[in-house]
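Start at 1 with the first residue, then count along the sequence.
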Amino acid sequence: MSVVRSSRARAALCTAPLIAAGLLGTAAAPAGATPSPSATSLTCRGEGVDPKAPVRYRTETVIDAPLHAIWKLQTDVERWPSWQQHVTSMDRLDNGPFRTGTAFRWTTPVPPNPVTPTPSLDITSTVEQVKRNSCIRWTGPAIGEGLRIDGVHVWTFTKVKGGVRVSTEETHAGPLVEQNVSFATEVLRQGLEGWLSDLKTAAEARGDCPRR
């Protein structure tokens, strides 16, 4: 691989996986967030992430808020831009409650880079499995000019002492991320931990956290 091509691939990897996770830049991990290197993947109704995808990361945190409040924030996708600063637009592609088959298209900005001139990345997510107040699994591509990432994302929500343990695992596949798996995984880590941080902040700021 030439030096020029290597530089371009690295620039794309620095941007693409993090965008697909819904964030840009390095976000601080929420207090208590920990990676989960367990070989057993998260599942929702028996289905998990893509076992063949080269890029994978799993993490979790405990949020001191009621389960219903956390679930509402995560599943009311049309309001994501109000608490996730790097979600710039959101459109539900169906009506009614959040359920299997729910689809939504959202965008996030792309910083200038030598690989793709597109100013934003369009992500279309489709809910494949869901169990209320328990788990979600969605799939879908993130697409920009000259760029495509195929992602599978699983979330689980479990009541524990001190609140709710929110766990998340995501896989990415695509030509650009496969060129530098370790770097792409690190960037995905930043994105997922940042998402958890935003979710934790928003849920705990609602003021309806359980009394100690």
Side-chain angles (χ1 to χ4, degrees), residues 12-24 27 33-61 70-71 73-75 77 80 84 86-87 90-94 98-108 110 121-144 147-158 165-196 198-199:
L13 289 169
C14 188
T15 299
L18 195 52
I19 293 170
L23 295 162
L24 291 171
T34 56
S36 297
S38 171
T40 303
S41 292
L42 297 177
T43 62
C44 185
R45 295 191 179 276
E47 298 293 333
V49 293
D50 181 357
K52 297 180 180 179
V55 177
R56 174 198 304 251
Y57 190 73
R58 175 176 169 180
T59 187
E60 61 186 32
T61 194
I70 300 168
W71 183 261
L73 279 168
Q74 186 74 339
T75 60
V77 297
W80 279 4
Q84 293 198 61
H86 295 296
V87 176
M90 168 65 72
D91 292 304
R92 270 284 298 265
L93 302 180
D94 63 327
F98 189 87
R99 62 191 185 279
T100 299
T102 288
F104 43 99
R105 182 179 298 117
W106 45 297
T107 59
T108 190
V110 177
L121 198 63
D122 295 322
I123 306 168
T124 302
S125 301
T126 302
V127 176
E128 306 290 351
Q129 287 80 27
V130 62
K131 183 177 181 181
R132 183 175 178 81
N133 292 329
S134 178
C135 66
I136 308 166
R137 176 179 178 270
W138 65 61
T139 65
I143 298 174
L147 173 65
R148 178 185 173 108
I149 300 171
D150 291 301
V152 181
H153 203 163
V154 179
W155 296 82
T156 64
F157 306 80
T158 307
R165 183 176 65 244
V166 180
S167 303
T168 184
E169 183 175 17
E170 185 169 6
T171 54
H172 287 167
L176 287 177
V177 297
E178 291 169 16
Q179 289 181 27
N180 193 328
V181 171
S182 61
F183 188 75
T185 301
E186 169 59 19
V187 179
L188 176 59
R189 178 193 70 80
Q190 294 174 8
L192 292 182
E193 291 182 356
W195 192 326
L196 281 180
D198 282 351
L199 182 61

Show the numbers, then the answer: is there a side-chain contact (heavy atoms from CB on, under 4.5 Å) between L196 and V166?
CA-CA 8 Å; L196 281 180; V166 180; 3.8 Å; yes
Between [X] and [Y], is any pair of side-chain heavy atoms under 4.5 Å apart?
X	Y	result
T43	V154	no
F157	R165	no
I70	L199	yes
W71	I136	yes
D150	H172	no
D122	W106	no

Tell me whether the count of non-hydrogen atoms from other residues, nucleotides or ligands lying under 6.0 Å of CZ in R92 goes above 12.
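For R92, atom CZ is crowded (more than 12 foreign heavy atoms under 6.0 Å).
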Would you give the length of the straight line joining atom [atom1] of [X] to atom [atom2] of [Y], rounded to the nearest 0.5 angstrom?
X	Y	atom1	atom2	result
R137	T100	CZ	OG1	10.5 Å
W195	T59	CH2	OG1	14.0 Å
T171	I149	OG1	CD1	11.5 Å

Work out which heavy atom in V49 is nearest to a heavy atom in E169; give both atom names and the distance.
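In terms of heavy atoms, the two residues are closest at CG1-O, 3.6 Å.
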Between [X] and [Y], a side-chain donor and acceptor under 3.5 Å:
X	Y	value
Q129	R45	no
R56	S41	yes
Y57	E186	no
H153	T139	no
W155	S167	no

Please lay out, stage by stage, how E60 and T168 fare under the test side-chain contact (heavy atoms from CB on, under 4.5 Å).
CA-CA 6 Å; E60 61 186 32; T168 184; over 6 Å; no
Short side-chain to backbone donor-acceptor contact, [X] and [Y], under 3.5 Å:
X	Y	answer
R132	R99	no
T102	F98	no
R105	I123	no
E178	G174	yes

W138 and W80 aromatic ring geometry - parallel, tilted or perpendicular at 30°/60° bounds
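Ring orientation of W80 relative to W138: tilted.
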